[in-house]
Every structure is written in C-alpha cells, then in structure tokens.
Number of protein chains: 2
Amino acid sequence: MSGTDMDVPSMVRAPLPSPVPAEEYEQCPVTDVLRRVGDKWSVLVIVLLGKRSYRFNELHRGIETISQRMLTRTLRGLAADGLVHREVFPTVPPSVEYSLTPLGRTLLVPLSALADWVVQHRAEIAAARQSRS
Amino acid sequence: MSGTDMDVPSMVRAPLPSPVPAEEYEQCPVTDVLRRVGDKWSVLVIVLLGKRSYRFNELHRGIETISQRMLTRTLRGLAADGLVHREVFPTVPPSVEYSLTPLGRTLLVPLSALADWVVQHRAEIAAARQSRS
DNA sequence: CGGTATCCCGAACGATACTG
DNA sequence: CAGTATCGTTCGGGATACCG
C-alpha cells in the first residue's frame with residue numbers, strides 16, 4: 001500500500017543522470033504485467049471472474065464479441081500467470097470451470113482502482129481526444 | 001474512493017443473465033485506457049514525467065532503448081489523451097518540453113498502486129509461469 | 001534539436017472449419 | 001461442451017534515412 005510516489009525498483013532511479021539501462025529494462029516487470037492486462041480481453045475476463053466462477057461457454061456468451069480462440073488464449077494466459085484457476089470435470093459432455101485464484105483476486109483491487117480512475121476521467125480523455133482531432 | 005467491488009458502468013452488469021453486449025462493449029473505456037497504458041513505453045514515460053518535465057532528447061537518452069519514432073508516437077498519444085503537455089519553445093535550435101498535465105498526474109496514483117501490486121507479486125507470477133513451462 | 005517518412009517484421013487478433 | 005487447426009488481416013514496433 002504505498003502511494004503516489006511511484007518508485008519502480010531499479011527501473012527509474014534519479015531525475016536525470018541515470019538513464020534506464022537496457023539491461024535493467026529488458027522487460028520491466030510492471031510493463032510486462034500491464035501488457036498482459038492491457039490486451040484486448042483480460043480485464044473483462046478478470047472482472048467477470050471476480051463476480052463468480054464461470055464455465056467456458058458461459059464466458060463466451062457473457063462476452064459475446066470474443067471469439068472462441070481468443071477466449072481460450074486469454075484464459076490460458078491468465079492461468080499460466082497464476083491468476084486464473086482452470087478446473088476440468090470429467091463428465092460427459094466435459095465441463096470446465098474457471099475462477100480467480102487468490103492471487104488473481106488480489107489483482108482485482110488495484111485493477112478496480114485504475115478502472116475507477118478511468119470512469120472518473122473518461123470524459124476528460126474523450127474531450128482531449130476530440131479537441132485534437 | 002471505491003474499492004474492490006469492481007463495477008464498470010454498463011459494461012458488466014449482473015452475474016449471468018446479462019452478456020456484455022457488442023454495442024456497449026464496442027471498446028470498453030477501461031480496456032481502452034489500459035491498452036494505451038499497456039503499450040511498450042507509456043508507463044515508463046509517465047513515470048519519468050512524474051518526477052519532473054523533460055525535453056525530447058532528455059527522454060530519449062533517459063530511456064536509451066526507445067527509438068525516436070516510438071518516443072514521438074508515445075508522447076503524441078499521451079498528449080492526445082490529455083495526459084501529457086507538450087510545449088514548444090521557438091528558440092534556435094527549437095526546444096520542446098514535456099510534462100504531465102494535472103490529469104496525467106492523477107493517473108500516477110492508481111498506476112503506482114498497480115505497479116506496487118506487480119512488485120509485490122512478481123515472484124508468484126514468475127513461479128506460476130515457470131511451473132507451466 | 002526534434003522530429004517525419006518509409007519499409008519491414010512478428011505478434012495479436014478475427015473468421016471459419018473441424019474434433020475428443 | 002470445450003476446445004484445436006488453419007488462414008488471413010491488422011497493428012505495434014524497430015531500423016534506417018531524411019528534414020525544418
């Protein structure tokens with residue numbers, strides 16, 4: 001629970017005299033995670049799974065514009081990062097349930113803070129984009 | 001401000017019976033902003049500009065691995081969204097100064113919360129990725 | 001100094017068809 | 001039901017060269 005004084009460890013150090021070195025950047029972990037969460041569907045899936053667990057086709061119907069392929073890839077990616085739990089029930093027909101892991105659930109907190117920021121400032125952003133058209 | 005109960009307005013409404021409709025998704029504003037912030041350089045630039053204002057080549061040297069093209073595109077994108085202020089001083093040779101707008105500075109808060117989350121949980125993510133290799 | 005313009009590559013994404 | 005396979009397109013991003 002730090003706060004507004006952003007201090008990414010050993011990524012940005014001092015005002016000027018320390019450039020961000022290639023060896024240390026090389027994939028900044030923050031950027032790295034932001035790129036995962038910044039993909040087209042992950043946030044949506046995480047938010048939905050924040051409500052309860054879902055089965056594959058439930059999510060598919062729940063999002064509606066996502067392709068089966070992208071839903072699979074998104075879920076697999078989130079599962080690979082330990083954010084989503086995938087449980088297969090060997091029934092016929094098979095059924096798979098997706099839910100947030102405890103780790104995934106903790107992510108929901110800062111994510112919702114960011115979402116709140118967007119909601120509160122989307123008008124300003126939209127206005128800025130307009131005036132720059 | 002709000003908290004863990006993520007409720008993106010008219011994006012996700014109820015647990016099951018309301019799919020996210022194409023007309024309402026159509027680019028979810030949260031995803032939209034996350035994709036901007038999730039690009040390869042924006043966070044880094046925002047964090048740097050959070051410390052003080054920079055001139056173009058200062059940022060270029062400060063990041064070191066970014067190409068001139070991507071730095072320009074990143075700054076223009078952030079400026080178009082009203083997050084960064086671009087001020088041109090008509091000197092010879094010309095000089096351009098970049099700084100965060102008040103709006104951009106408010107973004108620093110939730111962004112740092114997310115960054116903190118990553119810092120605190122990057123080991124777990126790394127471990128999850130390992131065990132899934 | 002602070003950019004543009006051009007070319008190119010690989011990854012992300014989408015549509016469609018098929019399957020255990 | 002819950003995927004995989006294949007294909008084609010779009011887009012982010014890097015390299016290089018040039019410009020006011």
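First the proteins, then the strands, lettered A, B, ... as listed; each starts at 1.
Of the two residues contacting DNA chain D, namely A:Thr72 and B:Gly38, the nearest-nucleotide position lying further toward the 5' end is that of A:Thr72.
Across the protein-nucleic acid pair, A:Gln68 atom CD and C:dT19 atom P stand 14 Å apart, rounded to whole Å. Regarding A:Arg76, its CZ atom lies at a distance of 12 Å from the P atom of D:dA2, rounded to whole Å. Regarding A:Leu59, its CG atom lies at a distance of 13 Å from the C1' atom of D:dC1, rounded to whole Å. A straight line from CE of B:Met70 to C1' of D:dC11 spans 11 Å, rounded to a whole angstrom. Distance CZ (A:Arg73) to C1' (D:dA2): 17 Å, rounded to an integer number of Å. Between the P atom of C:dG14 and the NE2 atom of A:His60 lies a distance of 11 Å, rounded to the nearest Å. Across the protein-nucleic acid pair, B:Leu44 atom CG and D:dG13 atom P stand 13 Å apart, rounded to whole Å. To the nearest angstrom, P of D:dA2 lies 10 Å from CZ of A:Arg86.
Within the 4.5 Å cutoff, the side chain of B:Leu71 has no heavy atoms near those of the B:Trp41 side chain.
In this model, the phosphate group of D:dC11 is not approached by any side-chain N or O of A:Lys40 to a distance below 4.0 Å at OP1 or OP2.
In this structure, B:Phe89 reaches neither bases nor backbone, as no heavy-atom distance under 4.0 Å exists between it and the strands shown. If you check every strand for non-hydrogen atoms under 4.0 Å, A:Ser67 touches nothing. Here A:Arg69 lies in heavy-atom contact (under 4.0 Å) with a base.
Side-chain proximity of A:Phe56 to the nucleotides C:dC13, D:dG3, D:dC1 is greatest for D:dG3.
Here A:Leu59 contributes atom CG and A:Leu75 contributes atom CG; the two are 6.0 Å apart, rounded to the nearest 0.5 Å.
A salt bridge between A:Arg76 and A:Asp81 is absent, with no side-chain N of the basic residue lying under 4.0 Å from a carboxylate O of the acidic one.
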